[in-house]
Amino acid sequence: MKLIRAIIKPERLHAVKDRLNEVGIKGMTVSEVKGFGHQKGKTEFYRGNPVQVHFLPKIQIFLAVTDDKKDEVINVITEAARTGKYGDGKIFVNNLEEVVRIRTGEKGEEAL
Amino acid sequence: MKLIRAIIKPERLHAVKDRLNEVGIKGMTVSEVKGFGHQKGKTEFYRGNPVQVHFLPKIQIFLAVTDDKKDEVINVITEAARTGKYGDGKIFVNNLEEVVRIRTGEKGEEAL
Amino acid sequence: MKLIRAIIKPERLHAVKDRLNEVGIKGMTVSEVKGFGHQKGKTEFYRGNPVQVHFLPKIQIFLAVTDDKKDEVINVITEAARTGKYGDGKIFVNNLEEVVRIRTGEKGEEAL
Amino acid sequence: MNGANTAWILTSSALVLFMTLPGLGLFYAGLVKSRNTISTLAQCYGIAAVASVVWFVAGYSIAFSGENNYIGDLSKAFLSGVSLKSLSGDIPEILFVMFQMTFAIITPALIVGAYVERIKFSAVLFISTLWILAVYAPVTHWIWGGGWLADMGVFDFAGGLVVHATAGVSAIVIVKVLGPRVGFPQYFDPPHSPVIAMTGAAMLWVGWFGFNGGSALAANANAGMAILVTHISAATATLVWMFIDWYKNGKPGLVGIITGTIAGLATVTPASGFIGPMGGFILGLLSGSICYFAVGFIKFKLNIDDSLDVMAVHGVGGILGTLLAGILASGTFGGLGLEKTVFDQTMVQLIGVIAVVVFTAIVTYVICIITKSLFGLRVAEEQEISEGLDLGTHGEQSYRF
Amino acid sequence: MNGANTAWILTSSALVLFMTLPGLGLFYAGLVKSRNTISTLAQCYGIAAVASVVWFVAGYSIAFSGENNYIGDLSKAFLSGVSLKSLSGDIPEILFVMFQMTFAIITPALIVGAYVERIKFSAVLFISTLWILAVYAPVTHWIWGGGWLADMGVFDFAGGLVVHATAGVSAIVIVKVLGPRVGFPQYFDPPHSPVIAMTGAAMLWVGWFGFNGGSALAANANAGMAILVTHISAATATLVWMFIDWYKNGKPGLVGIITGTIAGLATVTPASGFIGPMGGFILGLLSGSICYFAVGFIKFKLNIDDSLDVMAVHGVGGILGTLLAGILASGTFGGLGLEKTVFDQTMVQLIGVIAVVVFTAIVTYVICIITKSLFGLRVAEEQEISEGLDLGTHGEQSYRF
Amino acid sequence: MNGANTAWILTSSALVLFMTLPGLGLFYAGLVKSRNTISTLAQCYGIAAVASVVWFVAGYSIAFSGENNYIGDLSKAFLSGVSLKSLSGDIPEILFVMFQMTFAIITPALIVGAYVERIKFSAVLFISTLWILAVYAPVTHWIWGGGWLADMGVFDFAGGLVVHATAGVSAIVIVKVLGPRVGFPQYFDPPHSPVIAMTGAAMLWVGWFGFNGGSALAANANAGMAILVTHISAATATLVWMFIDWYKNGKPGLVGIITGTIAGLATVTPASGFIGPMGGFILGLLSGSICYFAVGFIKFKLNIDDSLDVMAVHGVGGILGTLLAGILASGTFGGLGLEKTVFDQTMVQLIGVIAVVVFTAIVTYVICIITKSLFGLRVAEEQEISEGLDLGTHGEQSYRF
Ligand SMILES: Nc1ncnc2c1ncn2[C@@H]1O[C@H](COP(=O)(O)OP(=O)(O)O)[C@@H](O)[C@H]1O
Ligand SMILES: Nc1ncnc2c1ncn2[C@@H]1O[C@H](COP(=O)(O)OP(=O)(O)O)[C@@H](O)[C@H]1O
Ligand SMILES: Nc1ncnc2c1ncn2[C@@H]1O[C@H](COP(=O)(O)OP(=O)(O)O)[C@@H](O)[C@H]1O
């Protein structure tokens, strides 16, 4: 199984979630994070004077999938999250050794 | 060493933490996340009209342990977090290559 | 590639970020977490009566790097985040199998 | 000059300003999405500033000068001729100007609830300026400035027509031209903070004592009766809304509870100087239930994204109260009595409603078309769905905890 | 009718309503857990609405009509007979009804602090309704309605007994029947927002000018003295609490600072019309220290989960101020003087305290038992410890940033 | 005694207290970093309590007793001799004491904006105590207590010199001794909540009606004119600031919008009893622009970390309004007229400004040096940059959502 972690723009969350459901992803965990990268930080103003804001709000989607689903999920997220502008985000994948469903104690793929 | 990540119901955090301390876990990191899965979203109301809320508040416990402790920790969390209802959450485990304690620079198991 | 996750004290974030930029790290993702460990929780007071607070605010820096950069990054973070007091935090490293840059679809190291 | 009355109207002016700033601002800001909080506040706040200057420059004069039956003249533009000595009734005219100014502030600000989360800030300021001059001031002249409806003896004690009907009707018209928020009605976010909304609603409730009580322009039993009936209507409507909600959805939501209050307050406004406690109670019962269903009807049947239900609460309420003012003023309902027959009075009320609704709808529509062609009305879709109007339009983030 | 006095009582009515909405609501909401914020606000708000209607229907009549020494009759139910002409003293009676109504609103709302975070909303509304009719209105009749304690000449200027003692005693009684919050006292969460609590406390402070100053029922030196002594007591108690905290725990917490203010305000309330500045200063010193220790004693010695310390702050304060009113009224302490001897007056005060405490405790207990058997008092434990009363009872989330 | 005037000053006292608590507290708290929110509120709140007691003990007497031209005596310490019968003008003296107390509260609280996020709480309380006695009370005596500037006929209706100039100058002096926040000006965090700041600003606006209107000490046309010109200046300055911001940075920020309001209010304060509507409009135009640039100049040119711009907004505004009061009082600008020639009056105004600025600067400097040597002024650097003053100094966290 694989652990997929995608950092995306907040406004894309709805779209990504909907597309993932369509391809049969029944569960995911999201959290609010702040990102720093090519995309420049924003300039806000305080009483007419500029203030640099370095970190930008992003959403992290955290998703465990079976190996066979991996590529499909990556493609789905890439498409749904893309705006073509800097700051679209990244997808990180690594190996997942074990999963347990707390409610039932089920282990492995059927716990997903 | 293993990295254990558990997604649980917020109200179970106290119980899980206490039980983990009992089995000698001295450190952990928790964060607020939002979850989506079998458990249905809530219906709130706006001036008498229903509004669907899809993501539910969850707590993520993030925990590095030595290999030998792994199974015990999983069991402890599973018991303490279980309510038997949908949405109890999941435990994800993967391999941890390296740990450093910033204060001392210690590496490996003694850094835990 | 490696996934580096550092838990640090909030007040060290600026310093760590600046140092990382100096060594050429162009991107990272940070989030607010709460920590529990050797460092004791704080005592707050409610109308003159003590209240124990167990979890302390920490910042998690989440960072994907190429293998060769790994050690340098660990050192940089360790130095910049260290105050020498309990609660300085930890750095966790594990393997990263794949990365995708959503904007371009690039995969692997050039996606970082 | 009567010092006691002056003392009360000085206080009332502060209370009515308090209704808009921060009252109404917080009430609306708590109901929108977090990323549009600052924008909503800036709209209310900016309108307050613009309306004040417009009122000083020409608004007051258009509303309260001249002999013409339909519109005032500019003889009092820049308050020329309003000296320390001039009186209106037995209070200083300069104070009357101030008191009326607070009404000219809150009325266009009420409309904010209709177009939040998607409108351009420039459009808000431009529309409000024209609206005060071309809609609010003339209607005020008709009813409170000695115009034709005043001559007919219409009952509008504190602004059921002047304030709430004009705001409600304009809300619908503007939204029709502006269009709904992206995703409406499928994606629909709940209020980002009922806590903030309740704070604003409570301030509105308190400030309304100055709104309705101050409209007696005197510190006497009339003012006392006005705030009592106002309060009873508000409290009753609050409970009615709460129980309907509870019964229908199993849960009494705080947002519903406070919306009931506003419905009760808007509805009693035109009648508050003519009715007795029982009349207030009846208006509370009616407004709490009728406005409740008006919200669902306009939003989810007609699918009009009057986002914070300005028409359903203020428009419907203000019109309802205006139509019933005559009936409830009669002794039968413990009212303070009326010269005309109840039927004749109610006909006058009906004429007032029709005239104000039609006039407001037409003029507001024209204003929207002009503004749209000059500035455009909506922010870029990306701003609306992504960063929000806080960062997009005002370059600020509402919360940084 | 005196216009100046009427102007001031109109204002005072707004100020006292402001104390409850949003003042007290925010004060309490800031002190609870985030997930019970809406619930706490809804309790205060719902009580305000219910109390208003109950007061209009029968409460006012029970408190302020009839010749009976112990309870009024229903001759003024639905305010029948209260016309524009009726006066009470030299202000319109209808305004007196309104002013008193704001007291009938805040008193049961004060009790909210005792049972937050675990009680059923239905129980809150039901208990409050019975409580106003069976506890508040009768006690008001005894003291302000020409009842037996009034005949004895008890000093209770603005409600040390009528408001604070009744609320404090009822707090303890209800909690005894209801039980503590799950986990109390081991797991104990700090206030979720001292910022919100401070906002509410500050509003209470300001509104108290109408509460104590308005109780003079006139715009004169008496009202001026009342607000000055009120303010001095509040400021002094604030500092005393702060310094004790600072000394004991090394840190002056904001929650403590504002609690000191409320203690000072509650304590000076019964005395505020009889004492001079020095008396206010003395009450500030005493209330700031005595209430400080009362909090720890009741919560952590007696282990009674009077969650937001209604008894320790309002009950203890109100009783303290009542007992000292006679002494501090004497010229020795710069008071405004009294007819009886200090000793006789203090005996009367003592009788008043005992009568009110005993009566309130018994009747409130009966009300709780009835409510418990009809509705049950507590929400499901899972709701209490997990989603909280906001989502569980009201279906809303307090913050969505 | 005049009841109507008494009613209005009772109300005004409540309004001015409301300006500080919660108004100013929220305004400032919203502008700081989240981790210093409680600290900022506690500073305003603590000062309010301390100032009240100090005013009661000696402040009022130093300001308003005796025949000396430069300072009062202690004949009215502890308000001795202030009875129910004593009048000042035609209102009860005890009420005048209360009204003036609210001014003595807000003035040192204004200075909080200069030193937030780094100063010791003990230093705040100590400095404020000395400052009221050695700076505020004497200057008040000069201008309102029958002192030498009063004799010269200086115009300072509601405190351009007494309140805003003293606060602004002291802000700079204290910051010079205290030093800037760590990281200033490179690292500079935007306000943690413009929503909270706007709530406070709006409360200040409303409360200012009592501040300037109450300074007429009567409920008459003068008071009416005062609140109208105050309001027009505020609204105009709001728009000016907003448009400059919009033009310069492409975005009209809410924090800028509300800062414009405060600038307009502070500037009109000294003139509000002497000018007409057009004068208010002119002061709005000038303050909105001059204070705008003053902020950037002081903070980023002079690099003085007057953190929330007390000097740029209050100091500059108060002085500006004082200097223009004479000119705008003339009939040419629709003012209410003056006895002296405009030139002579303006000279007097200039002398007033110089005297107050120099005196305030020197005495405040001495106070800072004393305090620094006794307590030290700054919290530990680690507290400042890490946990913040909320947890570090007060042991509380501002938000726990
Ligand atoms: N090396 C990295 N490790 C972790 N997160 C990263 C890394 N690089 C970028 N990110 C995350 O991805 C987001 C977008 O990256 P950015 O470089 O700004 O745009 P793009 O991916 O389009 O080039 C960043 O805001 C950050 O949250
Ligand atoms: N595939 C997944 N990847 C990541 N998180 C998941 C996944 N499936 C479920 N979760 C998390 O676990 C929580 C509980 O899962 P859910 O399916 O609702 O109940 P249960 O685990 O009892 O079947 C979800 O809210 C979500 O946060
Ligand atoms: N085993 C662990 N797994 C995950 N996070 C941990 C673990 N141990 C410590 N942490 C995180 O590191 C932080 C600092 O650890 P702590 O033991 O308090 O101090 P130190 O690392 O200096 O000994 C903790 O607050 C927690 O967030």
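Sequence lines set the chain letters: A, B, ... in the order given, protein chains first and strands last, and positions in each chain run from 1. The analysis underlying the following values was restricted to heavy atoms, covering all of them including side chains, and did not include hydrogens, waters or symmetry mates.
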* Any idea which of E:P190, E:G3, E:S12, E:A7 has the most non-hydrogen atom pairs under 4.5 angstrom with chain F? -> E:P190
* To do: Evaluate the criterion side chain to side chain contact (heavy atoms under 4.5 Å, CB included) for residue pair E:W8 and F:W8; output intermediate values, then yes/no.
  => CA-CA 8 Å; E:W8 171 233; F:W8 172 232; over 6 Å; no
* Structure fact -> Counting heavy-atom pairs under 4.5 Å with chain E, the top scorer among F:G395, F:A14, F:S80 is F:A14
* Let me know if F:Q397 has heavy atoms under 4.5 Å from chain E in its side chain, its backbone, both or neither. => backbone
* Largest heavy-atom contact set with chain F, pairs under 4.5 Å, which of E:A235, E:A234, E:G213 -> E:A235
* **Portion of E:T11 that has a non-hydrogen atom of chain F nearer than 4.5 angstrom** => side chain
* Structure fact -> The interface call for F:F56 against chain E, heavy-atom contacts under 4.5 Å, is side chain
* Structure fact -> Heavy-atom nearest pair, F:M1 first then E:N220, reads SD-CA, 3.8 Å
* Start with the C-alpha distance between E:F209 and F:L10, add both sets of side-chain angles, then the distance that settles side chain to side chain contact (heavy atoms under 4.5 Å, CB included), and finish with yes or no. => CA-CA 8 Å; E:F209 279 26; F:L10 284 163; over 6 Å; no
* To do: Compare all side-chain heavy atoms of F:F121 with those of E:M242 and state whether any distance is below 4.5 angstrom.
  => yes
* **Residue list, side-chain hydrogen bond (donor to acceptor under 3.5 Å, both in side chains) with E:T261, at least two apart or on another chain** => E:T238, F:Y45
* Side chain, backbone, both or neither: which part of F:I91 has a heavy atom under 4.5 Å from chain E? -> neither
* Atom group of E:M225 that falls short of 4.5 Å from chain F, counting heavy atoms -> both
* Considering all heavy atoms, the nearest F:T393-E:P252 contact -> O-CD, 3.4 Å
* Asked: Donor-acceptor pair, E:H192 side chain versus F:F401 backbone, under 3.5 Å?
  -> no
* Without swapping roles, check the side chain of F:E396 against the backbone of E:V255 for a donor-acceptor pair under 3.5 Å. => yes
* Structure fact -> Among residues 22-41 of chain E, residues within the sub-4.5 Å heavy-atom range of chain F, in order of number, are E:S34
* **Option in E:G224, E:G207, E:G200 with maximal non-hydrogen atom pairs under 4.5 Å from chain F** => E:G224
* To do: For the residue pair E:V229 and F:M98, establish whether any side-chain heavy-atom pair is separated by less than 4.5 Å.
  => no
* Asked: Relative to chain E, which segment of F:L79 carries a heavy atom at a distance below 4.5 Å: side chain, backbone, both, or neither?
  -> side chain
* Asked: By a 4.5 Å heavy-atom criterion (distance strictly below it), what part of E:W208 contacts chain F: side chain, backbone, both, or neither?
  -> neither
* Test log, rule side chain to side chain contact (heavy atoms under 4.5 Å, CB included), inputs F:L95 and E:I227 -> CA-CA 8 Å; F:L95 177 56; E:I227 66 174; 4.1 Å; yes
* Can you tell which of E:P277, E:G276, E:G260 has the highest number of heavy-atom pairs within less than 4.5 Å of chain F? -> E:P277
* **Side chain / backbone / both / neither for F:S122 at chain E, heavy atoms under 4.5 Å** => both
* Is any side-chain heavy atom of F:L21 closer than 4.5 Å to a side-chain heavy atom of E:M198? -> yes
* Asked: At a heavy-atom separation under 4.5 Å, does E:I232 approach chain F through its side chain, its backbone, both, or neither?
  -> side chain
* Would you indicate whether the side-chain heavy atoms of F:F78 and E:F281 approach each other to under 4.5 Å? => no
* **Close side-chain approach of E:L254 and F:H394, heavy atoms under 4.5 Å** => no
* Segment of E:I258 engaging chain F (4.5 angstrom heavy-atom cut-off) -> both
* Asked: Tell me, side chain or backbone of F:L391 under 4.5 Å from chain E's heavy atoms, or both, or neither?
  -> backbone
* Starting from the C-alpha separation in whole Å, work towards a yes-or-no answer on side chain to side chain contact (heavy atoms under 4.5 Å, CB included) for F:F18 and E:F18. => CA-CA 12 Å; F:F18 184 58; E:F18 184 59; 3.8 Å; yes
* Asked: Side chain, backbone, both or neither: which part of F:S13 has an atom under 4.5 Å from a heavy atom of chain E?
  -> both
* Asked: Any idea which heavy atoms bring E:P194 and F:S398 closest together, and the distance?
  -> CD-O, 3.5 Å
